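Read through the structure below, which is laid out as structure tokens, and then see the notes.
Reckoned from all heavy atoms, side chains included, excluding hydrogens, waters and symmetry mates. Please read these numbers as outputs of a predicted model, since none were measured by experiment. Sequence positions, counted from 1, serve as the residue numbers for this chain.
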Amino acid sequence: KEKINIRNSTISFFDHHTCHAYYAYFASPLRNKKCAIVIIDSEGDGYNQTTWVAEKDKIKNLARSSESDIAHIYKMATLILGMRPELHEYKVMGLAPYAKKKYFMESYEPLKKISKIKNLKIVFDKRPKDLFDYLMKSWKGHRFDNICAAVQLFTEKLSKDLLDNIYKKTKIKRYVVSGGVSLNIKMNQKISELSYVKDFFVAGSGSDESLSIGACYLANKNYKQNKHLKNLYLGYNINDDLNQKNIMMLTKKYKVYKKVSFKKIAKLLKDGEIIARISDKSEFGARALGNRSILANPYIDGIVEKINIAIKNRDFWMPFALSILKEKQKFCIINKKKLSSPFMTVGFNVNKKNFKYLKNGC
């Protein structure tokens with residue numbers, strides 16, 4: 001305020017979860033129809049799970065809870081596994097599919113009675129007083145992948161139970177989800193597959209970085225002029241510094257093409273080259289959406305390991321979020337409800353009957 005001389009009268013304070021809700025709703029294509037908004041995160045202004053209903057750009061809170069342990073358990077599991085909490089939770093999600101159900105159900109057993117659903121919210125059930133100590137003792141001697149799968153199952157089951165309760169109370173069939181936990185694409189997939197869910201959307205970057213956008217929607221609500229952002233290319237524009245001097249510096253280390261045809265790029269990919277695409281403004285949030293993306297041919301042996309270890313410095317087990325042409329999605333994935341997922345926020349199953357043709361089809 002003092003640095004840029006802002007008057008006190010021009011400063012407003014907004015509630016954390018309200019900002020999440022406004023971002024989730026106004027960033028979605030469901031604004032013209034009645035929908036429920038579900039926010040699940042670690043904590044914000046005293047709450048970590050809220051339920052809302054929205055219709056005709058009016059948003060009303062139905063329930064608030066400070067007793068959701070989804071993010072807390074994910075955080076604790078990350079720490080127990082020797083990784084950095086509030087940073088490496090995505091690695092826990094990435095490891096979860098490697099475990100087999102007949103083994104990880106033992107690791108899930110200690111989580112079954114921690115939480116329950118009541119009145120549109122997640123609340124404590126038979127939660128131990130010291131949750132971290134309880135998990136440390138319960139998981140002693142358990143394999144890392146089984147712990148990851150157990151935490152993921154807890155997340156998926158509790159979120160589905162929450163949606164079941166919301167539907168039972170409201171009969172709403174359209175949902176948007178946000179908050180830090182909305183980055184869990186497998187949880188989002190399980191929610192989207194619920195029989196009563198007619199439409200479902202998760203905006204790009206539901207974590208706290210999008211609170212600023214939600215606050216703008218909230219501040220502007222009285223003017224009734226809110227329009228959702230057309231895209232998330234909100235960052236630094238490479239064209240601002242793309243001059244001859246900088247290009248010459250790059251050519252000392254890299255092969256630089258000033259203008260490259262799509263045909264040339266396709267040929268390079270076919271030959272096993274890895275391409276870094278830098279174009280216009282960078283993406284806002286957690287996903288690369290084309291303007292700052294790594295392009296590679298997934299059918300070249302060793303290409304995934306090379307990108308993970310040599311280029312992105314990621315763990316070998318981490319999966320990739322793939323881009324699929326919209327007109328090819330029916331061939332590649334199962335999306336019977338024709339849900340929209342332009343920001344890589346919802347998981348889908350592969351269309352197995354076409355799996356052997358995917359090399360040519362996608």
Side-chain angles (χ1 to χ4, degrees), residues 20-21 23-40 49 51-57 59 62 70 93 96-97 117 120 152-153 155-179 181-206 210 228-232 285-287 289 319-355 357-358 361-362:
H20 270 313
Y23 172 70
Y25 175 72
F26 282 102
S28 81
L30 306 184
R31 290 174 50 194
N32 295 327
K33 296 165 184 174
K34 188 175 182 179
C35 65
I37 305 167
V38 179
I39 309 299
I40 310 174
Q49 186 267 306
T51 302
W52 312 69
V53 63
E55 188 172 17
K56 295 181 179 179
D57 290 359
I59 300 175
L62 299 181
I70 290 180
M93 183 179 73
I117 307 301
L120 311 176
Q152 182 62 29
L153 178 61
T155 301
E156 292 172 6
K157 188 177 185 313
L158 198 58
S159 61
K160 287 195 296 180
D161 288 348
L162 175 62
L163 266 285
D164 287 346
N165 184 248
I166 295 171
Y167 176 69
K168 186 178 179 181
K169 297 279 188 180
T170 67
K171 300 303 178 185
I172 293 174
K173 296 183 178 182
R174 295 178 177 86
Y175 296 84
V176 293
V177 175
S178 196
V181 179
S182 71
L183 293 175
N184 192 307
I185 68 161
K186 287 304 297 283
M187 177 195 78
N188 296 338
Q189 178 181 359
K190 295 299 182 181
I191 291 173
S192 73
E193 291 172 346
L194 292 169
S195 60
Y196 54 81
V197 172
K198 187 174 182 179
D199 209 345
F200 179 73
F201 189 80
V202 182
S205 298
S210 58
H228 68 276
L229 292 169
K230 292 181 180 179
N231 58 62
L232 286 181
R287 307 287 188 230
L289 301 171
F320 282 78
L322 301 178
S323 296
I324 297 173
L325 292 173
K326 189 174 183 179
E327 58 269 26
K328 291 285 187 178
Q329 66 167 309
K330 188 175 180 180
F331 186 87
C332 299
I333 61 172
I334 297 171
N335 184 12
K336 293 180 180 179
K337 296 179 182 180
K338 298 180 181 179
L339 302 178
S340 174
S341 181
F343 304 116
M344 300 183 180
T345 51
V346 182
F348 296 94
N349 288 331
V350 168
N351 189 343
K352 288 185 178 181
K353 69 177 184 179
N354 292 328
F355 191 81
Y357 304 114
L358 287 181
C362 294

Evaluate the ring planes of Y196 and Y167, with Trp represented by its six-membered ring, and classify them as parallel (under 30°), tilted (30 to 60°) or perpendicular (over 60°).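 Rings of Y196 and Y167: parallel, as their planes differ by under 30°.
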What I'd like to find out is whether the side chain of [X] reaches to under 4.5 Å of the side chain of [Y], using heavy atoms alone.
| X | Y | result |
| --- | --- | --- |
| L158 | Q49 | no |
| M344 | I185 | no |
| N188 | F200 | yes |
| K190 | T155 | no |
| T170 | V53 | no |
| V176 | V38 | no |
| I166 | I172 | no |

To the nearest 0.5 Å, what is the distance between [atom1] on [X] and [atom2] on [Y]?
| X | Y | atom1 | atom2 | value |
| --- | --- | --- | --- | --- |
| F331 | K353 | CZ | NZ | 9.5 Å |
| C332 | N349 | SG | CG | 13.5 Å |
| F348 | I324 | CZ | CD1 | 9.0 Å |
| E327 | K330 | CD | NZ | 14.0 Å |
| N351 | K328 | CG | NZ | 12.5 Å |
| S341 | F201 | OG | CZ | 7.5 Å |

Yes or no on side-chain contact (heavy atoms from CB on, under 4.5 Å) for I334 and V350, after CA distance, side-chain angles and deciding distance? CA-CA 6 Å; I334 297 171; V350 168; over 6 Å; no
For K326, I'd like to know if atom NZ has over 12 heavy atoms of other residues, nucleotides or ligands within 6.0 Å.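 Count not over threshold, so no.
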Are there more than 12 heavy atoms of other residues, nucleotides or ligands under 6.0 Å from atom NZ of K337?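 Check passes, neighbour count above 12.
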Heavy-atom pair of closest approach, residues [X] and [Y]:
| X | Y | value |
| --- | --- | --- |
| S192 | V346 | OG-CG1, 4.2 Å |
| N335 | Q329 | ND2-OE1, 3.0 Å |
| A203 | F343 | C-CD1, 4.0 Å |
| L232 | G204 | CD1-CA, 3.7 Å |
| L289 | P342 | CD2-O, 4.0 Å |
| G347 | Q189 | O-CG, 3.1 Å |

Do any N or O atoms from the side chain of S178 and from the backbone of I39 form a donor-acceptor pair under 3.5 angstrom?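 Pair absent, no side-chain N/O of S178 close to backbone of I39.
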Between D57 and F26, is the side-chain contact (heavy atoms from CB on, under 4.5 Å) condition met? List the steps. CA-CA 8 Å; D57 290 359; F26 282 102; 3.8 Å; yes
Closer than 4.0 angstrom, basic N to acidic O: yes or no for K157 and D161?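 Salt bridge flag = yes for D161 with K157.
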